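The structure appears right after this line, and notes come after that.
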There are 2 protein chains.
Amino acid sequence: MTENILKKYSETVDCPVRNVLDRFGDKWSTLVILILGDTGTLRFNELHRLMETVSEKMLTVTLKKLDADGLVKRTLYPQVPPRVEYELTERGRSLLPLLQGLVDWANENMPEIQKSREQYQAA
Amino acid sequence: MTENILKKYSETVDCPVRNVLDRFGDKWSTLVILILGDTGTLRFNELHRLMETVSEKMLTVTLKKLDADGLVKRTLYPQVPPRVEYELTERGRSLLPLLQGLVDWANENMPEIQKSREQYQAA
DNA sequence: CCTTTGACTTACCAAAAGTAAGTAATAAAC
DNA sequence: GTTTATTACTTACTTTTGGTAAGTCAAAGG
């Protein structure tokens with residue numbers, strides 16, 4: 001059996017698990033998707049203000065990756081100063097129920113997890 | 001409306017979203033949970049071999065965090081050389097369907113995402 | 001002129017993760 | 001009886017990723 005498993009998990013090149021983890025395993029993508037899912041459409045600075053703790057630099061690279069993956073649509077209105085709007089694509093929206101599931105799980109389990117952490121600290 | 005949203009997302013201190021993202025937004029936790037969910041119980045080196053691309057150091061810190069959160073149970077058999085087994089707790093298992101949902105989503109959507117990435121590159 | 005505005009860059013610094021080697025205790029191998 | 005192998009880790013060092021703060025661009029407002 002071990003050999004089957006080993007084979008299964010080690011095909012890392014185009015492994016979808018690794019791919020999905022590399023994508024949502026970064027610090028900000030998931031939060032951007034959740035917020036855009038919640039608000040609809042936002043301009044760059046609106047999003048930035050809502051996230052607060054993200055740097056502008058990281059927000060731009062996050063949005064670029066999400067745009068490249070077709071999860072977020074970027075619309076530039078060529079004005080001065082520029083106006084850029086971001087919204088989820090259909091593909092991006094298809095992720096929302098899954099991410100919402102994780103958020104719900106977190107809301108339910110965080111109190112107990114917090115207790116576990118404190119016990120672990122004490123030991 | 002913006003002000004409500006701002007309030008909602010900026011309560012970062014004990015925000016469950018931020019907490020869950022900080023926990024599963026690291027590079028290896030999710031994969032460890034998925035593999036343990038698939039295999040049942042594994043020793044440190046078995047897990048390490050299955051993951052291949054993780055360093056021993058990172059596997060150690062990942063397992064410590066999961067143990068501290070009560071998602072994984074660590075059992076030490078005091079032999080020489082030592083034997084340490086890891087398995088999911090009930091809390092850890094409760095995450096499996098959610099993570100499996102993400103894996104399924106990845107399997108379904110990765111081909112199209114790949115296409116999007118190539119188009120983005122070309123443009 | 002000088003400042004403001006919005007969506008970013010860029011240069012620089014800190015934190016996280018990867019690499020490679022080391023450690024401990026003992027049993028089996030030579 | 002000294003070397004070697006084994007397991008689950010540490011530790012020191014390097015690279016990669018992320019954070020901070022300042023700068024850019026082009027036009028509009030004072």
Side-chain angles (χ1 to χ4, degrees), chain A residues 2 6 9-10 12-13 18-19 21-32 35-36 39 41-69 72-87 120 123, chain B residues 2 6 9-10 12 18-32 35-36 39 41-69 72-87 120 123:
Chain A
T2 301
L6 205 150
Y9 293 111
S10 67
T12 47
V13 178
R18 193 64 263 165
N19 262 288
L21 292 182
D22 284 347
R23 188 53 44 172
F24 306 108
D26 74 358
K27 207 170 171 183
W28 301 110
S29 296
T30 317
L31 189 55
V32 167
I35 292 181
L36 287 179
T39 58
T41 300
L42 289 175
R43 300 179 64 172
F44 181 86
N45 278 340
E46 288 174 335
L47 192 49
H48 183 234
R49 273 190 290 274
L50 288 181
M51 295 177 68
E52 267 193 69
T53 50
V54 75
S55 63
E56 292 188 334
K57 183 183 116 185
M58 278 299 100
L59 185 53
T60 45
V61 324
T62 302
L63 286 168
K64 269 184 192 164
K65 290 200 293 179
L66 292 174
D67 186 20
D69 284 5
V72 158
K73 182 176 151 215
R74 177 182 188 272
T75 309
L76 165 70
Y77 299 88
Q79 317 169 350
V80 174
R83 173 186 190 82
V84 180
E85 290 189 345
Y86 293 94
E87 61 188 315
Y120 190 88
Chain B
T2 302
L6 205 150
Y9 294 111
S10 67
T12 47
R18 193 63 263 164
N19 262 288
V20 80
L21 292 182
D22 284 346
R23 187 55 42 173
F24 305 107
D26 74 358
K27 208 170 171 185
W28 301 111
S29 296
T30 318
L31 189 55
V32 167
I35 292 181
L36 286 180
T39 58
T41 300
L42 289 175
R43 299 178 65 172
F44 182 87
N45 278 340
E46 289 173 334
L47 191 50
H48 183 234
R49 273 189 291 275
L50 289 180
M51 295 176 69
E52 268 195 67
T53 49
V54 75
S55 63
E56 292 189 333
K57 182 182 118 186
M58 277 300 100
L59 184 52
T60 313
V61 323
T62 301
L63 287 168
K64 269 185 192 164
K65 291 200 293 180
L66 292 174
D67 185 19
D69 284 4
V72 158
K73 182 176 150 216
R74 177 182 187 273
T75 310
L76 165 69
Y77 299 89
Q79 316 170 349
V80 174
R83 173 184 190 83
V84 181
E85 291 189 345
Y86 293 95
E87 61 188 315
Y120 190 89

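Sequence lines set the chain letters: A, B, ... in the order given, protein chains first and strands last, and positions in each chain run from 1. Keep in mind the model is a prediction, meaning the values are calculated, not measured.
Protein atom NE2 of A:His48 is 14 Å distant from nucleotide atom C1' of C:dT9, rounded to whole Å. Between the CG atom of B:Leu31 and the P atom of C:dA17 there is a distance of 15 Å, rounded to whole Å. Rounded to an integer number of Å, the gap from A:Leu76 CG to D:dA26 P is 14 Å. Going from atom CG of A:Leu59 over to atom C1' of C:dT9 covers 14 Å, rounded to whole Å.
Axis angle across the helix from C:dC1-D:dG30 to C:dC30-D:dG1, with five pairs used at each end and values rounded to 10°: 30°.
The closest donor-acceptor contact from the side chain of A:Thr75 to the backbone of A:Lys73 lies at 3.5 Å or more, if one exists at all.
Counting heavy atoms from C-beta on, the side chains of A:Glu87 and A:Leu36 never come closer than 4.5 Å. Contact check for A:Leu42 versus A:Tyr86: no side-chain heavy atoms found under the 4.5 Å cut-off.
Taking every heavy atom of both residues into account, B:Val72 and B:Asp67 meet most closely at O-OD1, 3.3 Å. The nearest pair of heavy atoms linking A:Arg43 to A:Glu46 is N-OE1, 2.8 Å.
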Practice item. Going 5' to 3' through nucleotides 4-22 of chain D, assign each nucleotide B (protein heavy atom under 4.0 Å from a base atom), S (under 4.0 Å only from sugar-phosphate atoms) or - (no protein heavy atom that close). Key: --BBSBBBB-----BBB--

Which pairs of donor and acceptor atoms, one on a side chain in residues 55-65 of chain A, lie under 3.5 Å apart (sequence neighbours left out)?
unit_1, atom_1, unit_2, atom_2, d
A:Ser55, OG, A:Met58, N, 3.2
A:Thr60, OG1, A:Glu56, O, 3.2
A:Thr60, OG1, A:Lys57, O, 2.5
A:Thr62, OG1, A:Met58, O, 2.7
A:Lys65, NZ, A:Asp26, OD2, 3.0

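Atom-to-atom distance recorded for B:Ile35:CD1 and B:Met51:CE is 5.5 Å, nearest 0.5 angstrom.
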**Study point:** Pair A:Leu76-A:Arg83, side chain to side chain contact (heavy atoms under 4.5 Å, CB included): steps then yes or no
**Key:** CA-CA 6 Å; A:Leu76 165 70; A:Arg83 173 186 190 82; over 6 Å; no

